[in-house]
Amino acid sequence: MKLSYQGIQDKQAFAAAGITLPTFDWKAMCAATEEKPVWVHFGAGNIFRGFIAALQQRLLESGEETSGIVAAETFDYEIITRIYDPCDSMTLLVALKPDGDTNKEVIASIAKGVRACSAEADQWAQLKKIFENPSLQFASFTITEKGYALRGMNGDLMGVVTADIADGPDKARHAMSVVAAMMYYRFLAGAAPMALVSMDNCSHNGEKLRASVLEIVRGWEKNGFVPAEFVAYMEDETRVSFPWSMIDKITPRPADVIEKQLTELGVEDMAPVITSRNTYIAPFVNAEIPQYLVVEDRFPNGRPALEKAGVYLTTREVVNMTERMKVTTCLNPLHTALAVFGCVLGYESIAAEMSDAELKKLVERIGYVEGLPVVSDPGIISPKGFIDEVVGQRLPNPFIPDTPQRIATDTSQKVGIRFGETIKSYMAHDELDVNSLTAIPLALAGWLRYLLAVDDNGEAFTVSADPMMAQLQEAMSGIELGKPETIGDKLQPILSNASIFGVSLYEAGLAEKVQGLFAELIAGPGAVRATLKKYL
């Protein structure tokens, strides 16, 4: 069996392998997309193929839509040439159940993949033609938060961005410049309205997209490439909108066990490839089953009936509340607590940690007991139900190969949102006592314990990358496992740093508690386990 239009004509073989095939007319979908495109998506990776493209598949299956999606890749063109083109832009989606079973389906809603490269005349012309068509309703994005960045760590514009602003729309290279160029072609073709929808997993994603695109557009105006009328068109959100969204679904790198299963079923050419840009990608996508997409409903040129595919269409306020619910209470804090303690306790799997009695109690207490009283309740999704699913299905799923080492990356950039917001909410509520918090201070003390880079057996381990690592470890220099007296006042600069925690922990009244817990965690080998048992 081959994953392609010709290959899926062997319906009996796919049925025997338990793989669901699309029922809509694929060739008719491609023709309809060519004639009247509706949806372009930038970022051809796994979250798009395993989640977003499947939404349009549902609408094609039900007859709600006749047009598919055009996938545009701005970063790694080999994804198109090595994964999309050989498979007619189809994806084999493998949904991973916690019990080890899988659901397998061919996603065929992507009409074609395009390399969004101004140096490739044919590809550039294809994308330009799509944006010039007034039928196009929106472009969506999963290019990661880095894809919107125009500046380096020093605050200066990246070289490629400076060159793009100097060279104009026809030579755009950076993803944001490519989008700005395509919108300029649309403006010249009649200035039809349009929505540009970030679906990346970052706070206020639509705001980030808008700011970056407009900076390119204004730079072009200054250099005489575009008129003021185009700038006005892009700034008018009744004509070009930038809706916010919240997305949540884990689509990890292709798993060897899934490749083996598919090969044994008779599906050919499922091996992952590693591109020259180090993208690890396969013709299949393995993903968890739970998924959420909440989108601000501002589409000035109309939109597909995405709500019929399970998308929540709502207001910006509700999108923001949903994102806060996930990031500050129901998922991300639990992940970080598991990450730091998992590294110290020698775990290499988040799922395996959920079989650890103390760690399971830790995340349950952070979510249910300490988080829910101040949760941002969006109304459309039950916060308690969300935690139930996270604790009961998502975190324990052994077929989601996530590691505490990966989650522990950049923790100094995360604790202020993941824990600090809850602490600040307790401080703001007279009826709540911040001193009643135990699991959150324990998680913060656990992070500091992790920074010592010594596990609970007293053996050294490698901490994950973090932009503040050198600064933090220098502040803690001299603290030794088994010698709590070496702490002294070394933690004071860290615990008082509001830029880390969102608030000074001294001001919050939690610094002494965190330092006390940290002292217990470093009492000697086995102290981490003993402390967890004591408090949980």
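- The environment of Asp256 atom CG is sparse: at most 12 non-hydrogen atoms of other residues, nucleotides or ligands sit within 6.0 angstrom.
- The shortest distance between side-chain heavy atoms of Trp447 and Ser412 falls below 4.5 Å.
- Between the side chains of Tyr426 and Asn435, not a single donor N or O lies within less than 3.5 Å of an accepting N or O.
- With a 4.5 Å cut-off on side-chain heavy atoms, Arg394 and Phe386 count as touching.
- Met176 pairs with exactly one of Val217, Thr74, Ile143 by the side-chain contact (heavy atoms from CB on, under 4.5 Å) rule, that one being Ile143.
- Between the side chain of Asp164 and the backbone N or O of His174 there is at least one donor-acceptor pair closer than 3.5 Å.
- Between Arg49 and Thr91, the side chains place a donor N or O and an acceptor N or O closer than 3.5 Å (distance only, hydrogens not considered).
- Around atom NZ of Lys360, no more than 12 heavy atoms belonging to other residues, nucleotides or ligands sit under 6.0 Å away.
- For the residue pair Thr251 and Asn46, no side-chain donor N or O sits within less than 3.5 Å of a side-chain acceptor on the partner.
- A distance of 7.5 Å separates NZ in Lys249 from CD1 in Ile289, rounded to the nearest 0.5 Å.
- A donor-acceptor pair is defined here as one N or O able to donate and one able to accept, closer than 3.5 Å; such a pair exists between the side chain of Glu73 and the backbone of Phe75.
- Because its NZ or CZ atom is both nearer than 6.0 Å to the ring centre of Tyr280 and within 45° of the ring axis, Arg253 counts as a cation-pi partner of that residue.
- A 4.5 Å side-chain heavy-atom check between Gln473 and Met469 finds at least one atom pair inside the cut-off.
- Side-chain contact annotation: Asn201 with Lys326, donor-acceptor N/O pair under 3.5 Å present.
- For the pair Asp456 (side chain) and Arg529 (backbone), a donor-acceptor distance under 3.5 Å is present.
- For Glu389 and Tyr292, the side-chain atoms include at least one donor-acceptor pair closer than 3.5 Å.
- For an aromatic pair to be called close, the ring centres must be under 6.0 Å apart, and Tyr84 with Tyr77 fails this.
- Between the side chains of Asp356 and Tyr347, at least one donor-acceptor pair of N or O atoms lies under 3.5 Å.
- Side-chain N or O atoms of Thr328 include none that pairs as donor or acceptor with a backbone N or O of Arg418 at under 3.5 Å.
- In this structure, a donor-acceptor pair under 3.5 Å is absent between the side chains of Ser245 and Glu296.
- With sequence neighbours left out, the salt bridge (Lys or Arg N to Asp or Glu O under 4.0 Å) criterion links Asp466 to no other residue.
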